[in-house]
Colleague: 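Sending over a structure as structure tokens; questions will come in a sec.
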Amino acid sequence: MNAPATPAVTDPVQPGPMPHVMNTYGRLPIALSHGRGCWVWDTQGKRYLDGLGGIAVNTLGHAHPKLVPALQEQIGQLIHSSNYYQVPLQETLAAKLCEISGMNSVFFCSTGLEANEAALKIARKFGHDKGIERPEIVVYEKAFHGRSIATLSATGNPKVQKGFEPLVEGFVRVPMNDIAVLREIARTNKNVTAVFLETIQGEGGINPTRWDYLRELRALCDEAGWLLMLDEVQCGIGRTGKWFAHQWAGIVPDVMPLAKGLGSGVPIGAVVAGPRAMNVFGPGNHGTTFGGNPLSMRAGVETLRIMEEDGMLAHVAKVGAVLKAELDRELGSLPGVKEIRGAGLMLGIELDRPCGVILERAAQAGLLLSVTADSVIRLVPPLIISEDEVRQIVTLLAPVVKAFLAEGQAA
Ligand SMILES: *Cc1c(COP(=O)(O)O)cnc(C)c1O
């Protein structure tokens, strides 16, 4: 057997492929350089109306005149300390989140999947504390909860899971809005400890849970002793015109993961817990280095403060209704448009065919948006968007959609 040749220490380093960012996204050849309000500019100087808000992240738009100085001040004071020490801004933000949610306690992290991962751990430990050795969690078809191994297992999209098996076990999958299925599970499966769903599904195609279903689910969870865990990572923080989307149903969950819009662009995640879940974790059960750092906490505190000061919830309800009405008027009756749905500034236009190409064509027309679940055009603009600007979204979008649908007819 020949031993592999040992390279001489003087061998030059072989030139490898060009260093690059790992290729995990299908990207457009556009690089954004700066923004102001709901407008962004690319490095070529082209201007776009932002109908995407960094995927429901840039709550206050870009370069907000109240947010920027506050963050600048915070960066000059303290960006990160450590959870070995007290972080007073965590207490401030937790108090505010509890006040607006009617819940009791908060764990801070940095992303949506982390918030969901924490929720899943709470659900399992809640089960173990009750003597259930193999706790199971009810999850939904078309759900999206993130891309860690546990959260992609909870996700109801085979494309997200493919290639990453074996999946984490302990999930029971059900269809949306069917309470009979849940009643049957309550009757037959004593290992279930929690029900986990997005109040309005985002990546799955802007699919709202019915408010009466949510109320029935709340009652069933109480009866069965399950935790009701609502992923409001995308639909929370004022997106629908209430602080949290489930508030339209008049219920309060036991566990609520948050992230995206909470820091207006600064990475932040949070899990808010009610009385039944707030004491499940104790010291040593969970943690993360970046979670609750002063910069992200300040971003959260200022985002909520500015939203309140500027009457953002009423504003979202108002301009969201205008956007929906304008979309209905311009596109609603076109053959090829199946449904326009959602709440507030979280709207989806479902076409009767895959329409991924609309992302690029809208960008060419000067409008940022996304396409999700293959055939749903998603609009989640910054919440500060004006009535005039939501009308401009429709003015820019309508010709793109009409041209796209006309092509299909010609073919
Ligand atoms: C985006 C999203 C996540 C994942 O958040 P990341 O910050 O990308 O990890 C989880 N749940 C929902 C509902 C989301 O929209």
Side-chain angles (χ1 to χ4, degrees), residues 21-35 38-58 61-62 112 142 144 146-147 155 157 159-160 200-207 233-235 239 260-261 265 323-324 326-327 330-332 334 336-342 345-383 385 389-411:
V21 174
M22 210 178 272
N23 183 22
T24 64
Y25 304 99
R27 296 180 197 266
L28 295 185
I30 294 171
L32 301 174
S33 70
H34 63 287
C38 288
W39 297 88
V40 286
W41 285 262
D42 71 14
T43 48
Q44 310 295 307
K46 182 175 161 73
R47 186 176 85 140
Y48 305 84
L49 178 54
D50 189 358
L52 183 62
I55 317 183
V57 167
N58 295 307
H62 305 275
K142 296 189 187 173
F144 181 83
R147 291 174 177 271
T155 289
N157 179 349
K159 278 195 209 158
V160 173
I200 300 175
Q201 289 185 341
E203 304 308 301
I206 315 293
N207 307 313
V233 167
Q234 188 161 158
C235 61
R239 177 64 42 197
K260 289 195 165 82
L323 181 56
K324 175 75 165 55
E326 289 294 300
L327 290 170
E330 278 293 322
L331 300 173
L334 294 180
V337 174
K338 282 175 76 175
E339 195 182 12
I340 301 173
R341 59 178 177 256
L345 287 172
M346 181 175 184
L347 294 176
I349 304 150
E350 183 174 5
L351 304 189
D352 65 355
R353 67 201 77 168
C355 61
V357 64
I358 284 190
L359 180 114
E360 181 160 16
R361 298 205 187 154
Q364 280 162 1
L367 173 66
L368 304 185
L369 49 68
S370 80
V371 172
T372 190
D374 297 331
S375 58
V376 181
I377 301 165
R378 167 172 49 184
L379 293 170
V380 280
L383 303 188
I385 194 165
E389 286 162 337
V390 301
R391 290 180 195 278
Q392 289 186 58
I393 286 185
V394 181
T395 304
L396 290 167
L397 178 60
V400 173
V401 174
K402 286 176 185 168
F404 173 78
L405 290 173
E407 273 164 35
Q409 272 150 15

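Predicted model only: the values in this text are computed from it and were never measured.
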Colleague: Strictly by modelled atom types, are Q234 and E203 linked by a side-chain donor-acceptor pair under 3.5 Å?
Modeller: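 Yes, a side-chain donor-acceptor pair sits under 3.5 Å.
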Colleague: Can you check side-chain contact (heavy atoms from CB on, under 4.5 Å) on I377 and V401, steps first, answer last?
Modeller: CA-CA 10 Å; I377 301 165; V401 174; 3.8 Å; yes
Colleague: What is the minimum heavy-atom distance between S33 and D42, and which atoms define it?
Modeller: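 S33 and D42 have their closest heavy atoms at OG-O, 3.8 Å.
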Colleague: Please tell me if the side chains of W41 and L32 come closer than 4.5 Å, counting only heavy atoms from C-beta onward.
Modeller: no
Colleague: Run the numbers on R47 and V40 for side-chain contact (heavy atoms from CB on, under 4.5 Å), then give the verdict.
Modeller: CA-CA 6 Å; R47 186 176 85 140; V40 286; over 6 Å; no
Colleague: Could you pull out all residues at least two apart from E339 that satisfy side chain to side chain donor-acceptor pair (under 3.5 Å)?
Modeller: R341
Colleague: Which atoms form the tightest heavy-atom contact between A363 and L28, and what is the distance?
Modeller: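 Looks like CB-CD1, 4.0 Å.
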Colleague: Should I206 and L347 count as side-chain neighbours, where that means a heavy-atom distance under 4.5 Å?
Modeller: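 When only atoms from C-beta onward are counted, L347 and I206 do not touch, as no gap falls below 4.5 Å.
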Colleague: Between Y48 and L367, is there a side-chain heavy-atom distance shorter than 4.5 Å?
Modeller: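 The answer is no, as the side chains (C-beta and beyond) never meet within the 4.5 Å cut-off.
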Colleague: So, applying side-chain contact (heavy atoms from CB on, under 4.5 Å) with L351, which one of V337, L334, V371, L331 is it?
Modeller: V337
Colleague: If you define the side chain from C-beta out and look only at heavy atoms, does anything of R378 sit under 4.5 Å from M346?
Modeller: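 No, side chains not in contact.
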Colleague: I need the D50 CG to C38 SG distance, nearest 0.5 Å.
Modeller: 6.5 Å
Colleague: With a 4.5 Å heavy-atom cut-off, do L397 and L379 have their side chains touching?
Modeller: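 The answer is yes; the side chains approach within 4.5 Å.
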Colleague: So is K142 actually on top of F144's ring, under 6.0 Å and inside 45° of the axis?
Modeller: no
Colleague: Should K260 and R239 count as side-chain neighbours, where that means a heavy-atom distance under 4.5 Å?
Modeller: no
Colleague: For salt bridge (Lys or Arg N to Asp or Glu O under 4.0 Å), just list the numbers for E330 and K324, CA-CA rounded to whole Å, side-chain angles, deciding distance to a tenth of an Å, and then say yes or no.
Modeller: CA-CA 10 Å; E330 278 293 322; K324 175 75 165 55; over 6 Å; no
Colleague: What I'd like to find out is whether the side chain of L383 reaches to under 4.5 Å of the side chain of L345, using heavy atoms alone.
Modeller: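 They are in contact (side-chain heavy atoms under 4.5 Å apart), so the answer is yes.
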Colleague: Side-chain contact test, heavy atoms from C-beta onward, threshold under 4.5 Å: evaluate it for N207 versus I200 and give yes or no.
Modeller: no
Colleague: Could you tell me which non-hydrogen atom of G54 sits nearest to which non-hydrogen atom of V57, and how far apart they are?
Modeller: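 Closest heavy-atom pair between G54 and V57: O-CG2, 3.2 Å.
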Colleague: If you look only at distance, which donor and acceptor atoms sit under 3.5 Å apart when one is on a side chain in residues 352-359 and the other is two or more places apart or in another chain?
Modeller:
residue: R353; atom: NH1; partner: L405; partner atom: O; Å: 3.4

